[in-house]
Amino acid sequence: DQQVKQNSPSLSVQEGRISILNCDYTNSMFDYFLWYKKYPAEGPTFLISISSIKDKNEDGRFTVFLNKSAKHLSLHIVPSQPGDSAVYFCAASPFGNEKLTFGTGTRLTIIP
Amino acid sequence: DTAVSQTPKYLVTQMGNDKSIKCEQNLGHDTMYWYKQDSKKFLKIMFSYNNKELIINETVPNRFSPKSPDKAHLNLHINSLELGDSAVYFCASSHGTAGGHNEQFFGPGTRLTVL
């Protein structure tokens, strides 16, 4: 039973345009959400997070949006750069719980 | 200046052998984790230790035994290796859930291949 889903296994975006990665969750106990970026042969790198008391969090080119009623979050990258090509994982946890549940990832390719 | 390090990076071994993977973090974190990424790229937590105490133990065969000699180290020992144990194993660390936040920082992974 996959509680965090990333339904798009891959996404290609032109350099300079906006990349939008989506994530859905089913567990209503989740209230903290994170995005990780992963290059081949490396570990996941933390990008940005959001707690359920917010609906938006921004850090430079990265913005995460949370729609609690739809149990949906998205990561916007603008403008997209070639170095953004990687696999992106969303993850979620209940408040005060160390256990992160990860999605299956979306491979983002930025086309020069 | 590595934050979370794992050794070895690659491990190739025969079925039935016993092997260990080591993990160290220099971030001053209290909590450490082991994750398994299987062939479908699904990243799933196995164990978590906080200050050397086990706090998460997912449904993992008891052939897998984590050991935390101190809060900067969390090693994973695997007995009687099976073909299905082939995967990439990631170590991670965090400050735990202080304030409700739990950003975890990952090591580079250990690719285990069982022949």
Side-chain angles (χ1 to χ4, degrees), chain A residues 1-11 21 23 25 27 29-54 57 59 62 64 66 75 86-108, chain B residues 2-10 21 23-25 27 29-51 53-60 74 88-111:
Chain A
D1 176 30
Q2 210 167 316
Q3 299 181 56
V4 179
K5 299 179 185 179
Q6 294 175 256
N7 292 318
S8 298
S10 62
L11 175 68
L21 297 102
C23 179
Y25 62 96
N27 188 339
M29 297 299 291
F30 288 152
D31 79 338
Y32 191 65
F33 305 89
L34 307 90
W35 283 95
Y36 282 83
K37 173 181 179 179
K38 186 182 180 305
Y39 292 121
E42 294 184 13
T45 302
F46 169 72
L47 264 181
I48 192 168
S49 62
I50 189 168
S51 73
S52 60
I53 60 173
K54 295 184 173 182
N57 189 25
D59 184 1
F62 301 92
V64 56
L66 175 63
L75 175 68
V87 177
Y88 289 78
F89 292 94
C90 68
S93 72
F95 182 86
N97 189 312
E98 286 84 358
K99 181 180 172 182
L100 285 184
T101 300
F102 280 82
T104 49
T106 296
R107 181 177 300 279
L108 175 65
Chain B
T2 307
V4 182
S5 59
Q6 297 178 228
T7 53
K9 189 164 177 64
Y10 300 97
I21 307 171
C23 177
E24 176 180 1
Q25 55 93 5
L27 296 167
H29 288 161
D30 294 323
T31 307
M32 296 185 72
Y33 312 79
W34 277 109
Y35 285 84
K36 178 180 180 181
Q37 187 178 37
D38 59 23
S39 57
K40 294 182 180 176
K41 308 301 182 187
F42 192 45
L43 195 63
K44 189 169 181 187
I45 191 165
M46 300 171 68
F47 301 102
S48 173
Y49 269 73
N50 179 273
N51 277 323
E53 286 192 28
L54 182 66
I55 53 172
I56 294 175
N57 185 351
E58 291 294 290
T59 309
V60 176
L74 180 62
V88 181
Y89 292 84
F90 289 100
C91 177
S93 72
S94 77
H95 280 300
T97 56
H101 299 170
N102 189 19
E103 290 87 4
Q104 297 180 15
F105 295 83
F106 284 77
T110 296
R111 181 175 292 277

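The chains referred to below are lettered A, B, ... by the order of the sequence lines, with proteins before strands, and numbering in each begins at 1. Basis for what follows: all heavy atoms, side chains included, without hydrogens, waters or symmetry-related copies.
Classification of the A:F33-A:Y25 ring pair by plane angle, with boundaries at 30° and 60°, yields tilted. Note on ring orientation: taking the six-membered ring where Trp is involved, the planes of A:Y36 and A:F46 are perpendicular (angle over 60°, cut-offs 30° and 60°).
Only the side chain of A:L34 comes within contact range of chain B, judged by heavy atoms closer than 4.5 Å. Both the backbone and the side chain of A:T104 come within contact range of chain B, judged by heavy atoms closer than 4.5 Å. No part of B:K44 comes within reach of chain A, as not one of its non-hydrogen atoms sits under 4.5 angstrom from that chain. Looking at B:L43, the atoms closer than 4.5 Å to chain A (heavy atoms on both sides) sit in the backbone and in the side chain alike.
Across all non-hydrogen atoms, the minimal contact from B:F90 to B:Q6 is CA-OE1, 3.6 Å.
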| Can A:C23 and A:W35 be said to form a side chain to side chain contact (heavy atoms under 4.5 Å, CB included), step by step? | CA-CA 10 Å; A:C23 179; A:W35 283 95; 3.8 Å; yes
